[in-house]
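In what follows, a single structure is set out as structure tokens and then discussed.
Because the structure is predicted, anything quoted here is derived from the model rather than measured. Chain naming here is simple, since letters A, B, ... match the order of the sequence lines and numbering starts at 1 in each.
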Amino acid sequence: MSKQDFKILGTRPIRPDGLDKVTGKAMFGADKSVTGMLHARILRSPHAHAEIVSIDTSKAKALPGVKAVITGADFDELKNRWTGYTSQNCMAQDRALYDGHAVAAVAAISKSIAAAALKLIEVEYNLLPHVTDVDEAMKPGAPVLHVGVKARKLGDEVSGNTVGYYSFGHGDLETGFAEADEVIERSFKTAATHQGYIEPHACLADLGSDGRGELWCSTQGHYNVRLICAEILDIEESQLRVTASEIGGGFGGKTTVFIEPVALMLSRKSGKPVKAVMTRDEVFRASGPTMSSSMDIKIGMSKDGRITAAQAKLRYQGGAFPYQMVMMGAMSAFAAYDLDHVQSEGWDVMTNRPKMISYRAPGAPMAVYAVEAVVDELCQKLELDPIDTRLKNAAREGTKSSYGPTFKAIGLVDALEAAKAHPHYSAPLAENTGRGVSCGFWFNFGGQVSVSMAINADGTVNLIEGNPDIGGSRASISMMAAEALGIPLDRIRTIVGDTASVGFSDVTDGSRVTFAVGIATINAANAAIKEMCKRAAMIWEIDEDAVEWVDGAAQPTGHNAGEFPPMSLAEIAAVSGKTGGPIAGHHEGAPDKAGVSFGVHLVDVEVDPETGFTAVKRYTAFQDVGKAIHPAYVEGQIQGGAVQGIGWALNEEYIYGEDGRLQNPGFLDYRIPVASDLPMIDPVIIEVPNPGHPFGVRGCGETAIVPPLAAVSNGVSRAIGTRMFELPMSPPKILKAIG
Amino acid sequence: MARVVIFGSLRAFTGGVGEVEIEAKNTRVLLQKLSEQFEGLRETIAAGVSLAIDGEVFKEAWFTPIDEDSEVVVMPLMVGG
Amino acid sequence: MSKIHVSTYVNGDAVEFLCEPGETLLDVLRDRLNLTGAKEGCGTGDCGACSVMLDGRLVASCLVLGAEVEGSAVETVEGIATDDALHPVQKKLLEHAALQCGICTPGIVVAAKALLEKNADPSEEEVRYWLAGNLCRCTGYDKIIRAVLDAAAEMRGVSA
């Protein structure tokens, strides 16, 4: 697919929601209030694992100002076991399964009365043995969280907490390892991390006894929220209208529900609207962090740098309910390489921790970290250049991937070559500084979308779509619509509709929106164009087929068709009321053929041998995005993902005590990168168009978090002269490694 | 006949069979026939699987056409974040 | 427990409100005065999303009690743009695409404006350390720093 000439795509207009966001007008989840609204507070278990013997809510109910109190008893058992787990996670049934698990909730006329009411709820717990470490939880004899959900075909060598087993690969490992000149086998651990969105979960729920409800919430997917809540509350989906607020960060963590069913339940019980907002403490303890991992990697390489065999064993823990995620890690672990002999295996394990949910390229960062660390160690051992070695083994168009499909056009080699040629790669290294390299990969997805486009009589356009904007997608969608229609960008306004206003859309995740909603937008535009050409044809009294759309106007296809000056969109729209009625285009679909994206990151890190402190001195991130619709937003995604990865590599971790309680549920001790930690992050956009999208778009949001963990770890390892095998590499751990 | 490759872990439900040939004009027919041939796969297929047809990944689309000599890889369902 | 009556100035306007003794200034701004620009990201003074100016000083409003601002002057993000113009910091944040989700943006606007009033020509390092108390999870800070340096240059009357 050749590079196209675009008028609007590739430019950097100011985002349409920008003014509201710099002036404080934009309405996020907690910013909406209505008259008569109550405030919710949730009581949470202080124990990692306990039987709930009894809950006495009588005193809380009797407190003046308290209008409703609920417990697990108010939640019915559900037919769908997966929604059942979500429901149980929102409110415990017979057992509290982690420190922070909700056990009761109140709604009161003020925040302070709600807080006081919580203190009056008496819960009798019977403590049970708990387990928080993934390897400990897999051992036979470990306390089992749910009975009967063990992965089929797994034997007694693993406990009942092992809910998933996956295996991918091809070839024969024994043959491959025999061919190697050097084989390195290492074990790695990564701690659980949190998406770290600055906006806590928040919602405003209003559910009547007639089953009709309104829900305002901060979410990445309001249709998914509707689906889950309708099932939990036993109401019709069509009767629950969910509106997505502006969202203050999600990164996957807001693709499910935590407090929404609780707020709806309290609203129905009290007959009033209920506002529920999580505190930061609750966000850490009771929303959805990502998995912690324990991994074994074995890679064989010939002395000239060819990977002859590669094997990964990944054990992830995902918290207190059955889930599926290690598969994504197992699939992405070796995706960057063209291998004859490869195998990845993965196990999903339950522990007494909050239930995991997606975090930007879920499952991939830890797996790729471990693989890229071993590749780097092999390069060091064999004295090979890290980029040349990766080029030697890189997946290309036509490579059969380690996870099954054969790649179409991909940009990994382009990214590697750009990295090799970049001044960063040849810049001299200062003292105590090491340079780390890593590849990264993400699948990117398509999924269901609905777009509705109205051509207004004044020649402007209103577009409604169903995907909450977490990265600037309203800007990109408007740009694609303008490009497709051939009109200036400022004539278009794109909004995210509520669930009652536009058709179903899958969650904003999987780096899918620019791709999928983009396709729907182009199709909707084409539908509107077809109608406008038809109207022009009617006015000119020529055949519909004799009219074409060029540069935002209808014109006859040739001299034979007739000599008529072009009619612009605005001109056609102005008389639409007289030519048949309002003009619109819409498209509903489930596009596939999303293109995978590869990234390569380079980082220079300086480690202070006295304090173990790591300073990131220089960072360059190369990524194939297919086509950058709005380059500044694409750069922003790359930069943001890279910095989350830096935090994951250097500081961020969930710390559990012996008692199974989370010790650092706050931003002071859960240390995400701050402005003074970092240099500028240089993004280099590579564009190898995705043949599956009219404009060549690939998803770009997730890939950027995959390379930094290994890039930083490889840099630190080289700086201190000792390989590191655990994340985060906080100063005490580095000092210990230096010895 | 399309060549259908079944992923490592899904082979637990096919008695270890990793590759079969199935005549199917679209993915829906293919999945139906797979469910009939391997009872153990039925629940997994009903819950949802991802498919790669000649290298392109599809989530669930029933009516995606399959060519005569296509290679179809059946994988567990994939999600993002 | 009866509420406390407070008279103060917010964004130049004389304002009165009633609040509970334990209510923070952040709670008051958001729940009583309908000024939801300042955000609660953590409630413990760690994230900076609640940044406001109190008598010319940059503070975390979640660490100030509502009752404490009796007779004071509070400036929030809502008071920064004038009737017809954005402040250069606001303008440059938009031009540089220095916001993604926008939740940290009000705090950054308030904090950056405070910096530039103290130091008209900050270095990159000075900007980074000044904004170290404003957490952003989306941008990696790069474009924010560029935007603030560019705003400083514009305010000094030079091109960046």
Side-chain angles (χ1 to χ4, degrees), chain A residues 12 14-15 17-28 30-33 110-112 195-200 246-251 277 279-281 470-472 630 632-633 635-644 646 666-668 672-683, chain C residues 1 20 22-23 27 30-31 34-47 49 76-78 80-81 86-87 89-91 93-107 109 124-125 127-146:
Chain A
R12 297 167 183 247
I14 305 252
R15 60 191 291 155
D17 54 316
L19 183 68
D20 287 353
K21 289 189 171 166
V22 297
T23 55
K25 261 203 276 184
M27 301 266 289
F28 292 85
D31 295 338
K32 185 166 185 193
S33 294
S110 77
K111 285 178 182 173
S112 51
Q195 303 82 354
Y197 34 83
I198 308 300
E199 180 206 25
E246 294 295 330
I247 173 172
F251 315 109
V277 182
T279 63
R280 179 53 53 181
D281 178 278
I470 65 175
H630 191 307
Y633 291 131
E635 289 167 353
Q637 290 300 311
I638 294 173
Q639 292 166 329
V643 169
Q644 283 181 313
I646 290 171
F667 277 133
L668 187 62
I672 75 173
V674 304
S676 50
D677 290 333
L678 301 161
M680 295 296 183
I681 309 288
D682 289 322
Chain C
M1 190 181 306
E20 293 174 19
E23 261 181 73
D27 290 332
R30 292 179 54 81
D31 301 337
N34 294 320
L35 292 166
T36 55
K39 310 294 180 195
E40 177 160 330
C42 70
T44 50
D46 297 311
C47 75
T76 71
V77 68
E78 289 93 339
I80 288 182
L86 292 178
H87 187 279
V89 165
Q90 292 169 309
K91 212 174 64 160
L93 286 172
L94 289 177
E95 279 172 27
H96 284 261
L99 56 134
Q100 289 178 33
C101 78
I103 195 83
C104 74
T105 308
V109 168
E124 179 187 331
E125 198 178 18
V127 175
R128 286 186 179 278
Y129 274 87
W130 184 271
L131 292 180
N134 290 81
L135 299 184
C136 172
R137 195 55 161 168
C138 293
T139 67
Y141 306 101
D142 182 298
K143 293 181 188 297
I144 293 175
I145 305 302
R146 292 181 199 274

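- With a threshold of 4.5 angstrom between heavy atoms, C:Glu20 approaches chain A through side-chain atoms but not through N, CA, C or O.
- For C:Cys42, the side-chain contact (heavy atoms from CB on, under 4.5 Å) partners two or more places apart in sequence, or in a different chain, are A:Arg280, A:Phe667, C:Thr44, C:Asp46, C:Cys47.
- Residue with the most contacts toward chain C among A:Met27, A:Arg12, A:Arg15: A:Arg15 (heavy-atom pairs, distance under 4.5 Å).
- Using a 4.5 Å cut-off between heavy atoms, A:Ile638 does not touch chain C at all.
- Heavy atoms of C:Asp31 lying under 4.5 Å from chain A belong exclusively to its side chain.
- Neither the backbone nor the side chain of A:Lys25 comes within less than 4.5 Å of any heavy atom in chain C.
- The parts of A:Thr23 that come within reach of chain C are both its backbone and its side chain, each placing non-hydrogen atoms under 4.5 angstrom from that chain.
- Neither the backbone nor the side chain of A:Pro683 comes within contact range of chain C, judged by heavy atoms closer than 4.5 Å.
- The parts of A:Glu199 that come within reach of chain C are both its backbone and its side chain, each placing non-hydrogen atoms under 4.5 angstrom from that chain.
- Contact of A:Ala642 with chain C is not made at all, since no heavy-atom distance falls under 4.5 Å.
- Of the listed residues C:Thr76, C:Val109, C:Leu86, C:Leu93, the one with more heavy-atom pairs under 4.5 angstrom with chain A than any other is C:Leu86.
- C:Lys143 and A:Glu635 are joined by a salt bridge, as a carboxylate oxygen and a charged side-chain nitrogen come within less than 4.0 angstrom of each other.
- For C:Leu35, no part sits under 4.5 Å from any heavy atom of chain A, backbone or side chain.
- C:Glu125 is linked by a salt bridge (charged side-chain N to carboxylate O under 4.0 Å, His left out) to nothing, counting only residues two or more places apart in sequence or in another chain.
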